[in-house]
Amino acid sequence: AQSVTQLGSHVSVSEGALVLLRCNYSSSVPPYLFWYVQYPNQGLQLLLKYTTGATLVKGINGFEAEFKKSETSFHLTKPSAHMSDAAEYFCAVSVRRTGNQFYFGTGTSLTVIP
Amino acid sequence: KAGVTQTPRYLIKTRGQQVTLSCSPISGHRSVSWYQQTPGQGLQFLFEYFSETQRNKGNFPGRFSGRQFSNSRSEMNVSTLELGDSALYLCASSLARTQQFFGPGTRLTVL
């Protein structure tokens with residue numbers, strides 16, 4: 001079975017500080033991994049994804065994530081938080097079985113303190 | 001290309017009523033998935049349709065149903081609404097498992 005665990009439902013950082021949002025997954029087959037961001041009253045927007053190849057992936061708005069197979073992790077980082085980063089972040093895994101089923105974590109709400 | 005569109009954006013219904021939500025995927029995408037998003041529960045998968053066939057189904061009661069048309073547009077229906085059905089319903093379309101594109105959602109409030 002596939003699942004995604006996001007550690008910390010709420011994370012607060014100061015403006016300019018490092019952002020670290022944690023995601024661990026379980027999958028019986030090699031997964032595709034994603035981070036999405038959701039602003040209030042909007043749908044989800046893709047930040048970055050890992051499919052194959054380089055394990056360090058860079059996304060939009062200065063975010064990046066590293067796929068660590070040995071740790072089954074895909075943590076999201078950004079060196080310097082900006083006020084506009086305040087949003088809900090979701091980690092997701094995709095596994096091909098009989099369709100394109102995506103599994104999402106429960107989300108992490110990021111607050112940026114000025 | 002136009003993104004995923006969902007209509008209506010907001011709905012208010014009363015308990016016992018039924019509701020139909022619509023989703024138009026990105027042109028060329030044949031897979032459409034539906035999710036229910038509530039505070040504390042995150043995104044819960046409802047079902048996925050591909051070429052007019054339900055391919056995957058989440059753990060929701062039979063009151064939740066869907067369908068997909070030949071032009072890939074999809075609808076989901078919830079019958080006999082309950083207060084707990086109040087949520088943001090998100091639709092996503094995809095070409096393959098490498099990415100899902102989300103619509104803005106339909107906010108359903110059940111009174």
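Naming: A, B, ... by sequence-line order, numbering from 1 per chain. Quick note: numbers below take in every heavy atom, side chains included, and nothing from hydrogens, waters or symmetry partners.
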Quick one: ring pair (Phe, Tyr, Trp, His ring centres under 6.0 Å) partners of A:Phe67, sequence neighbours excluded?
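A:Phe67: ring pair (Phe, Tyr, Trp, His ring centres under 6.0 Å) contacts with A:Tyr50.
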Considering only heavy atoms and a distance below 4.5 Å, find which of A:Lys49, A:Gln6, A:Gln42, A:Glu88 pairs most often with chain B.
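Maximum pair count with chain B is reached by A:Lys49.
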For the atom pair CD (B:Gln44) and OH (A:Tyr103), what is the distance rounded to the nearest 0.5 Å?
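Result: 13.5 Å between the selected atoms.
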Quick one: CZ on A:Phe102 to CZ on B:Phe45, what's the gap to the nearest 0.5 Å?
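Reported value, rounded in 0.5 Å steps: 10.5 Å.
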Suppose a student defines contact as a heavy atom less than 4.5 Å from any heavy atom of chain A. Which residues in residues 66-91 of chain B would they list?
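Residues in range: B:Leu88, B:Leu90.
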Close approach to chain A in residues 101-110 of chain B, criterion heavy atom under 4.5 Å
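Expected list: B:Phe102, B:Gly103, B:Pro104, B:Arg107.
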Same cluster or not: are [X] and [Y] linked, directly or through other Ile, Leu, Val, Met, Phe, Trp or Tyr residues, by side-chain heavy atoms under 4.5 angstrom apart?
X	Y	result
B:Tyr10	B:Val4	no
A:Leu47	A:Leu56	no
A:Ile60	A:Val57	yes

Any salt bridge (Lys or Arg N to Asp or Glu O under 4.0 Å) involving residues 8-21 of chain B? Give me the pairs, sequence neighbours left out, ordered by first then second residue.
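Found none.
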Between A:Leu46 and chain B, with a heavy-atom cut-off of 4.5 Å, which part of the residue counts as in contact: side chain, backbone, both or neither?
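Side chain only.
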Evaluate the side-chain proximity of A:Thr106 to B:Leu43: yes if any heavy-atom separation is below 4.5 Å, no if none is.
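The answer is no; the side chains never approach within 4.5 Å.
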Answer yes or no: is there a side-chain heavy-atom contact under 4.5 Å between B:Gln100 and A:Phe104?
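Yes. Closest side-chain heavy atoms under 4.5 Å.
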Which answer fits B:Gln37, side chain, backbone, both or neither, if we ask what part of it has an atom under 4.5 Å from a heavy atom of chain A?
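Just the side chain, heavy atoms under 4.5 Å.
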